[in-house]
Amino acid sequence: MSYPYQITSYEGYQEAWKKSVEDPEGFWGEVASHFQWKKPWDRVLDWNFKEPSVQWFKGAQLNITENCIDRHLADKANQPAIIWEPNDPNDHHRMLTYAQLHTKVNQFANVLKNNGVKKGDRVCIYMGMIPELAIAVLGCARIGAIHSVIFGGFSAQSIADRLQDANAEFIITCDGAFRGAKDIPLKNVIDDALISCKFVKRVIVYTHTRSAVSMIKGRDVWWEDEVRKVETAGNPDCPAETMDAEDPLFILYTSGSTGKPKGVVHTCGGYMVYTNYTFVNVFQYKPQEIHFCTADIGWITGHSYIVYGPLSAGATSLMFEGIPTFPDAGRFWDIIDKFKVNILYTAPTAIRSLMAFGLGPLQNKDLSSLRVLGTVGEPINEEAWLWYDEHIGKRKCPIVDTWWQTETGGVLISNLAGITPSKPSYATLPMPGVQPLLVDEKGVEITDNNVTGNLCIKSPWPATLRTTYGDHERCRTNYFATYENLYFTGDGAYRDENGFYRITGRVDDVLNVSGHRIGTAEVENAINMHAGVVESAVVGYPHDVKGQGIYAFVIYSGTHGDEDMTRRDITATVSRIIGPIAKPDKIQLVSGLPKTRSGKIMRRILRKIAENELDNIGDTSTLLDPAVVEEIKRGKV
Ligand code: PRX
C-alpha cells in the first residue's frame with residue numbers, strides 16, 4: 001500500500017493545509033476515498049460548535065476492522081501486524097501476521113457474540129499490554145460494540161464509576177499483568193469493582209500471569225474456553241458489522257477540571273480517516289517499517305498510534321508489555337536493536353527518566369535502524385529534546401513533537417518528520433485540517449506572533465470528540481462554551497515569529513503527571529474521603545522526571561498515628577479511590593488554607609509555595625487570614 005495522501009515536501013504541506021482550510025470537504029473527501037467503505041457518504045462535513053454537532057462522512061457505512069485488517073490480506077497476509085515484546089526479556093516474543101490477526105479477531109468477535117454482546121453494547125476492557133488487548137479492542141469494533149478501555153493503573157472504585165457511567169454489562173480482563181517486577185492482579189481488581197456493579201452480566205478472563213483468580217459461576221468465563229468453542233464450531237469468519245460513519249467506536253474516560261472523569265466518544269468514520277492520515281504523515285511511515293509506540297493502549301495514544309492508525313495503514317506495530325527500566329534502563333534500546341525498530345514514539349517522562357541513567361545503558365546497542373523519533377503527552381524540555389536527538393537519533397532522525405489530546409483523537413499540531421522544520425520544545429505547525437488560534441482571557445483572538453494565549457481550534461477535524469457519553473451538555477460546557485464558536489483545548493501556548501506553537505501546559509485545574517492527565521478536583525475528592533480530613537487543596541509543581549508532581553495541602557483533624565503515618569494513610573486512600581497513578585508526591589498537613597473572604601481557595605498562592613517561590617507569593621491582602629500563608633510557607637515539605 002502506498003499513501004497517495006502522504007505529504008512529501010514543505011511546499012506540499014503548505015498546499016495541503018491551504019486546501020484543507022479553503023475546502024475541507026474536498027480535502028477530506030479525497031483522503032477518505034482511499035479507504036474501504038460499504039456505502040459512500042452523502043456529505044463530507046456538517047457542523048456547528050454551538051450544540052456542538054460535528055458529523056463527518058454522514059450517510060457512509062463501514063467497518064473499521066475491514067480497513068485495519070481485511071483489506072491488507074491481499075498483499076500483506078504474511079507481514080507482521082503486531083509484534084509483541086513481553087515484560088520479561090527471557091520470555092518469547094510473539095508476532096501476529098495480518099492473516100493471524102484476522103483469524104484471532106474473527107474468533108474473538110464470535111466469542112463476544114456467543115456471550116450476548118450486541119452492536120452498541122458497551123464493553124469495558126481492563127487488561128495488560130498483551131496482543132489480546134488489541135484483539136479484544138478490534139473484536140468489539142468488528143461487531144459494533146463500543147469499547148471502553150481502562151488503564152491498568154486505575155482502582156476498583158474508578159472502574160466501578162466508569163462501568164456505571166457507561167452502563168457496561170460486559171468486561172474483558174486477564175488474571176493479571178506484568179509490569180517490571182510487579183504482577184498486577186487485574187481480575188481481583190475487577191472483582192472488587194463488581195461488588196457495586198451487579199448489572200455486569202459477563203466477564204471474559206484471559207490467562208496471562210497464571211495467578212489464582214476467583215471465577216464466579218454464571219458470570220465469569222475463560223477466554224481460552226470460549227475460543228475453543230468457536231474453533232469446535234468450525235471457526236467461521238465473523239462478518240464485519242455495518243456501521244454508520246457516525247456510530248460510536250469507543251469511549252475513553254479522561255480527567256477534566258471537575259471531580260468526575262468524562263467519557264470522550266469517538267466515532268467510526270472520522271476517527272479512522274484522521275488517525276490513519278496523521279500516522280502516515282507525522283511519522284512519514286514507509287511500508288514494511290516497524291513502528292514502536294511505547295504508550296499503553298489504556299490511553300488515547302495507544303488507541304490511535306498502536307492500534308487504529310498503524311493497522312489501518314497496514315503497518316507493523318510493536319507492542320511492549322513492560323516498562324523502560326526493567327530489567328534495566330537499556331530495555332527500550334534492546335528492543336530497538338532486537339527488532340530493528342524504525343520509529344520510536346514515546347513520552348518526555350520516559351526520555352527524562354532514561355537520561356538520568358547516563359549513557360551506560362546505550363553501550364553496544366545498535367540503534368541504527370531508527371529513522372524517526374516522536375514525543376507526546378507533555379511539553380518536552382530542551383535538555384531532554386537534545387539528549388534524545390544526540391544519543392538516540394544520533395542527529396540523523398527527525399523528532400516529531402506531537403501535541404494532541406484524548407478529545408482530539410489524533411495529532412493536531414506537530415512537525416512532519418523530515419518534511420517540515422522542527423524546533424526543540426515546539427510542536428510547531430498544525431496538521432492539514434487544523435486551524436489553531438490563541439485567545440486572551442476575554443476570548444478575543446490574538447493575531448500577533450511572539451505571544452502567549454489560550455489555545456483554541458476554529459473548526460472541526462475528522463476525529464473531533466462528538467460528545468461525552470451520556471451527557472452532551474457536559475461536552476458543550478467543557479469544550480465549546482468557554483469561547484463562542486471555538487473548541488477550547490484547556491492548554492496555553494506560545495506562538496513564535498514563524499507561527500510555530502509551543503505548548504506551555506494546562507491553564508485549567510488539570511495536572512499532567514508523567515504524561516497522564518489527572519484532575520486536581522479528583523485527587524481532592526479522594527483525599528477528602530479519608531477519615532479525619534477536613535479539607536484539601538491539590539496543585540502541581542515542577543518535577544524533574546514526571547514533568548509535574550502532585551502537591552497536596554491537607555487540613556487533618558484526626559488523631560490516629562503520627563504525621564508520617566497520616567500521610568501514608570492518605571496516600572493509600574487516594575490509591576484505593578483513583579489508583580496508584582494519582583498518589584500525591586508531597587502531602588503537607590496544614591491548619592488552614594488561604595481563602596478569599598467569599599471562601600474561595602487561592603490556588604495561585606499554593607502553587608507558588610509548591611513551586612518553592614516563597615518570596616514571590618504576590619498580594620495576600622484579600623485573604624480572610626493572611627497569617628495562614630506564613631504558616632504554610634514555614635511547613636513546606
Ligand atoms: O496539556 C496537553 C498535554 O497533554 C494533554 C492531553 O492529555 P491526554 O488527553 O491524556 O492525551 C495525551 C496524549 C495525546 C494536553 O492537553 N500534551 C499532549 N501532547 C503534548 C502536550 N503538551 C505539550 N506538548 C505535547 N506534545
Side-chain angles (χ1 to χ4, degrees), residues 149-151 153-154 250-257 261-266 271 274-275 278-279 282 293-306 308-309 345-352 373-382 384-385 388 399-415 422-431 434 436 452 454-457 461 463-465 468 478-479 482 487-494 500-520 522 540 546-548 581-582:
V149 184
I150 302 180
F151 175 63
F154 282 110
F250 66 84
I251 304 172
L252 186 57
Y253 284 87
T254 190
S255 296
S257 40
K262 301 172 286 240
V264 168
V265 175
H266 285 289
Y271 177 81
Y274 196 71
T275 52
T278 47
F279 172 71
V282 170
C293 168
T294 71
D296 191 291
I297 294 180
W299 306 109
I300 191 69
T301 307
H303 282 60
S304 302
Y305 299 110
I306 295 178
Y308 289 113
Y345 189 31
T346 194
T349 292
I351 299 168
R352 285 190 296 262
L373 303 176
T375 73
V376 59
E378 44 179 328
I380 179 160
N381 47 315
E382 206 162 326
W385 195 100
Y388 201 29
I399 299 178
V400 289
D401 179 349
T402 66
W403 172 82
W404 57 296
Q405 310 177 297
T406 305
E407 294 85 346
T408 72
V411 174
L412 290 199
I413 304 182
S414 172
N415 49 317
S422 64
K423 180 172 175 182
S425 78
Y426 279 72
T428 73
L429 296 170
M431 289 293 111
V434 176
T452 305
N454 289 349
L455 180 63
C456 295
I457 314 286
W461 58 99
T464 307
L465 87 157
T468 45
N478 260 285
Y479 305 107
T482 315
Y487 167 79
F488 176 44
T489 64
D491 279 322
Y494 174 80
F500 288 8
Y501 288 88
R502 177 164 65 81
I503 310 303
T504 49
R506 302 290 304 195
V507 294
D508 53 7
D509 290 323
V510 172
L511 305 180
N512 193 328
V513 181
S514 302
H516 300 153
R517 246 161 93 169
I518 298 169
T520 53
E522 253 179 283
K546 298 178 178 186
Q548 263 188 317
I581 56 168

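Order of listing sets the numbers, starting from 1, for every ligand and every atom in it.
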Checklist line | Option set A295, G492, P379, G302, criterion heavy-atom distance to atom 23 (C) of ligand 1, minimum | finding: P379
Notebook entry, point to check: Is a side-chain donor-acceptor pair under 3.5 Å present for Y274 with T464?
Noted result: no
Margin query: Under a plain distance cut-off of 3.5 Å, with no hydrogens placed, do T408 and Y487 share a side-chain donor-acceptor pair?
Written below: no
Margin query: Checking the N or O distance criterion of under 3.5 Å, is ligand 1 in contact with T301?
Written below: no
Next item on the list: Please state which part of Q405 comes within less than 4.0 Å of ligand 1, counting heavy atoms only: side chain, backbone, both or neither.
Entry: both
Next item on the list: Taking atom types as modelled, find out whether W385 and D401 have a side-chain donor-acceptor pair closer than 3.5 angstrom.
Entry: no
Notebook entry, point to check: With no hydrogens and no angle check, is any side-chain donor or acceptor of H516 less than 3.5 Å from a backbone partner on N512?
Noted result: no
Next item on the list: Name the closest protein heavy atom to atom 24 (N) of ligand 1, giving the residue it belongs to and the distance to 0.1 Å.
Entry: E378 O, 3.4 Å
Next item on the list: Please say whether V376 places an N or O atom under 3.5 Å from an N or O atom belonging to ligand 1.
Entry: no
Item checked: Nitrogen or oxygen atoms of T406 and ligand 1 under 3.5 Å apart -> yes
Notebook entry, point to check: Quick check: does any side chain N or O of T489 sit under 3.5 Å from a backbone N or O of L455, one acting as donor and the other as acceptor?
Noted result: yes
Next item on the list: Return yes if a side-chain donor-acceptor contact under 3.5 Å exists between S304 and T275, otherwise no.
Entry: no
Item checked: Y345-T402 side chain donor-acceptor pair, cut-off 3.5 Å -> yes
Item checked: Test of proximity, T402 against ligand 1: N or O pairs below 3.5 Å -> yes
Check: Hey, would you say the F250 and Y271 ring centroids sit under 6.0 Å apart?
Finding: yes
Next item on the list: Consider only side-chain N and O atoms of E407 and T254, and report whether a donor and an acceptor are under 3.5 Å apart.
Entry: no
Check: At a 4.0 Å cut-off, with the gap strictly under it, does some heavy atom of G377 reach an atom of ligand 1?
Finding: yes
Margin query: Only heavy atoms of D491, strictly under 4.0 Å: list the atoms of ligand 1 that pass.
Written below: 1 (O), 2 (C), 15 (C), 16 (O)
Checklist line | atom 7 (O) of ligand 1 [closest protein heavy-atom partner, distance rounded to 0.1 Å] | finding: R517 CD, 3.0 Å
Next item on the list: Quick one: look at N512 and ligand 1, take heavy-atom pairs under 4.0 Å, and tell me if it's side chain, backbone, both or neither.
Entry: side chain
Next item on the list: Ignoring angles and geometry beyond distance, decide whether E407 reaches within less than 3.5 Å of ligand 1 through its nitrogen or oxygen atoms.
Entry: no
Check: Hey, looking at atom 6 (C) of ligand 1, which of W299, Y501, Y305, W404 has the closest heavy atom?
Finding: W404
